[in-house]
2 protein chains.
Amino acid sequence: MPTIYDVAREAGVSAATVSRVLNGAQTVDPAMVARVLTAVRELGYRPNAVARNLRRSRTTLWAVIISDIGNPFFTAMVRGVEDVAQQEGYSVVLCNSDEDPAKEETYVAAALSEQMAGVIISSSGSVKAAKTLIDSPVPVVAVDRELPRGAVDTVVVDNEGGARTATEHLLAAGYRRIACIAGPEGVSTADLRLRGYTAALPGDPVIVRADFREQGGYDAMAALLSSPEPPDAVFVANNLMTVGALRCLTERGVDVPGQVGLVGFDEIPWADLVHPSPSTVTQPTYELGRMAARLLVDRIATPAAKPATIVLPAELHPRESSIPR
Amino acid sequence: MPTIYDVAREAGVSAATVSRVLNGAQTVDPAMVARVLTAVRELGYRPNAVARNLRRSRTTLWAVIISDIGNPFFTAMVRGVEDVAQQEGYSVVLCNSDEDPAKEETYVAAALSEQMAGVIISSSGSVKAAKTLIDSPVPVVAVDRELPRGAVDTVVVDNEGGARTATEHLLAAGYRRIACIAGPEGVSTADLRLRGYTAALPGDPVIVRADFREQGGYDAMAALLSSPEPPDAVFVANNLMTVGALRCLTERGVDVPGQVGLVGFDEIPWADLVHPSPSTVTQPTYELGRMAARLLVDRIATPAAKPATIVLPAELHPRESSIPR
DNA sequence: ATGAAAGCGCTAACAT
DNA sequence: ATGTTAGCGCTTTCAT
């Protein structure tokens, strides 16, 4: 691979001049510019970004650490981040922690070693990863899930409110024994949605903790159905678990919404094509990513500013799975 | 941020020794190792990967360029890549070209500038991006879609055979006017699936080209329905367009499979929960990613070897949407 | 407007 | 077994 010195020699100028031309400096003789560009083309020269990054002591990369690339919620959010990043001249490096705190820690370490310009993270709950980030000078934004004990810029939805609305909706529909399939303890969205459910419920809560995955939702639903007093409705704390719960109900021939009503948190792709179509609490997913990216841009510009928290609304979309009997 | 020299000073050794300790060299006195590690901990030292990459003239990053992050097919494939990458000591940088050749070219340029150790690409059809990659020294593997005019390692499924099977299945079910909603021209999967459809059809083909997106499938289906002689079945060339076509049929109250039969290429998440459930031609998606990663590892090890092409089987999964009348 | 020279932080060849 | 030194490719003063 040719270097900037090869180009300089070919064009009969110094490396400094080549650098100026390539970085759009105004103070270069047009004749030189032409010679340099010709040499660049002839040699097929491609600037070495690693060298540039070292010299400048900064990169134009953002690490976006999400907890499940198989969850359409996160991929939609990433699109929001990407659009802003591109517009602002950054590239997005997507890291999939797979709900595994150890992987999350590895990615955080890599982001810091690689001198990333910023990190957007939807924490899988690793306190160590959070601490590492907060103790580092890298600009950080938490999105969807709060960073454990972290006072950083944050964009979330009103998880507690959304869960309360979902539960109240089931109550209004006439259901009385409403259970909750909750997410993993220590993940902010899981804990807040559980709190919203509990707050809205007049009677005793029935809670099964699962892992935010489809199989977890399936198993939790199965456990609820085979309990002594099965629930007549269930509030499921995320989209993948909702699919799992629905599959379990369908397989066992349980009538939804006749025997059991259901509302899930998060949108499900093609929910309207599923039968019975699941009622959901939807979030402005793309907007969540966009806002996070905006906050990161601001944070990079003014590192000392006070951390902001933005809360976006969550909205109930009633569908077939919770229609009153 | 502390540098390796700060650590060396703190530990009373040379920078070379610190480097040796941190890179696991065997020839270091255990006492020194201890002193260095203590200094590292006390200073919170974190090696600068950018400097290391420059010095070593290589990185441990793979660029995985996919054409639609919103398509579960690609995210499943990425998981296969990720698992091998991690095992082999590489990190995956995910790039989403969004079916946009210009974005694809940008990402290819970035991958080369950043001195990535390898590239796995599912081409959105940019000949320029393909040429840039082939003319560069970077190891490349094409996955799912062949690289335009590129003689590189490739992992694909039997697209033509899968499409033929799907079409024959519709014929066997009694459908006679079978249309095809095809993908964009120049994308290998689109062209091969179309060829398989045409080959299996005894009569004249009815073809609508669309863009592999949900809305495109919807619009194509709408156009077919309002044509003078609407088809009695349709073969749809990918998953997102299948969802779009199905939505169009459902909205207009067309009975599937009674009035119109349907088979789609690619798996659809939760296909079994959709009503009517779509028959699909499924691919070993995760395996596709895994094989691509394996090929990349081999290519990095032996850059001069002859390019390999691996073809995996595609399998028909009949569901409700193509049950005989 | 252009060039010379220093240095970003690290690793590896070489010397001891 | 450890230290000294050069240099990866680039940008950015500082001189001219």
Side-chain angles (χ1 to χ4, degrees), chain A residues 1-37 39-40 43-61 89 109-110 112-117 136-138, chain B residues 1-37 39-40 43-61 89 109-110 112-117 136-138:
Chain A
M1 294 282 275
T3 74
I4 201 169
Y5 286 100
D6 298 321
V7 176
R9 194 177 322 112
E10 180 79 14
V13 299
S14 74
T17 298
V18 177
S19 174
R20 286 184 190 111
V21 169
L22 264 32
N23 289 287
Q26 305 301 313
T27 58
V28 187
D29 187 314
M32 297 241 139
V33 172
R35 266 159 59 196
V36 167
L37 292 181
V40 164
L43 295 175
Y45 170 71
R46 196 173 285 285
N48 182 323
V50 176
R52 187 194 322 128
N53 291 343
L54 177 60
R55 170 61 228 227
R56 287 190 176 155
S57 308
R58 62 195 152 84
T59 69
T60 55
L61 295 176
L112 296 178
S113 279
E114 299 283 351
Q115 317 290 111
M116 300 267 177
S136 84
V138 73
Chain B
M1 294 282 274
T3 73
I4 201 170
Y5 287 100
D6 297 323
V7 176
R9 194 178 321 114
E10 180 81 12
V13 298
S14 75
T17 298
V18 177
S19 176
R20 286 186 191 109
V21 170
L22 264 31
N23 290 287
Q26 304 302 316
T27 58
V28 188
D29 186 316
M32 296 241 141
V33 172
R35 264 158 61 195
V36 167
L37 292 180
V40 164
L43 295 175
Y45 170 72
R46 194 173 286 284
N48 182 324
V50 175
R52 183 188 332 126
N53 291 342
L54 177 59
R55 172 60 228 233
R56 288 190 177 156
S57 307
R58 63 195 153 84
T59 69
T60 55
L61 295 176
L112 296 178
S113 281
E114 300 282 351
Q115 318 290 111
M116 300 268 177
S136 84
V138 73

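Naming: A, B, ... by sequence-line order, numbering from 1 per chain.
- Rounding to whole angstrom units, CG of residue B/Asp29 and P of D/dG3 are separated by 11 Å.
- Computed from coordinates, the B/Glu114 CD to D/dG9 C1' distance equals 13 Å when rounded to whole Å.
- No option in A/Leu43, A/Val36, A/Val40, A/Val18 other than A/Leu43 meets the side chain to side chain contact (heavy atoms under 4.5 Å, CB included) test with A/Glu10.
- Following rounding to the nearest Å, A/Arg35 (CZ) and C/dA1 (P) show an atom-to-atom distance of 16 Å.
- At a threshold of 4.5 Å between non-hydrogen side-chain atoms, the residues B/Met1 and A/Leu112 do not count as touching.
- Under 4.0 angstrom from either OP1 or OP2 of C/dA1 there lies no side-chain N or O belonging to A/Thr17.
- In this structure, B/Arg55 CZ and A/Leu54 CG are separated by 12.5 Å, a value rounded to the nearest 0.5 Å.
- Of all non-hydrogen atoms in B/Arg56 and B/Asn23, the two that sit nearest each other are NH2-OD1, 3.2 Å.
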Checklist outcome for this item: Contact string for nucleotides 9-16 of chain C, one letter per nucleotide 5' to 3', B = base within protein heavy-atom range under 4.0 Å, S = sugar-phosphate only, - = neither, reads BBBBB---

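- Between its two ends, the helix from C/dA1-D/dT16 to C/dT16-D/dA1 turns its axis by 40°, counting five pairs per end and rounding to 10 degrees.
- Contact check for A/Gln115 versus A/Asn53: no side-chain heavy atoms found under the 4.5 Å cut-off.
- In this structure, B/Met32 places its CE atom 10 Å from C1' of D/dG3, rounding to the nearest Å.
- Side chains of B/Met32 and B/Thr17 form a contact here, defined as non-hydrogen atoms less than 4.5 Å apart.
- Interatomic distance, A/Ile4 CD1 to A/Arg52 CZ, rounded to the nearest 0.5 Å: 9.5 Å.
- Looking at every heavy atom in both residues, B/Tyr45 comes nearest to B/Thr3 through CE1-C, 3.5 Å.
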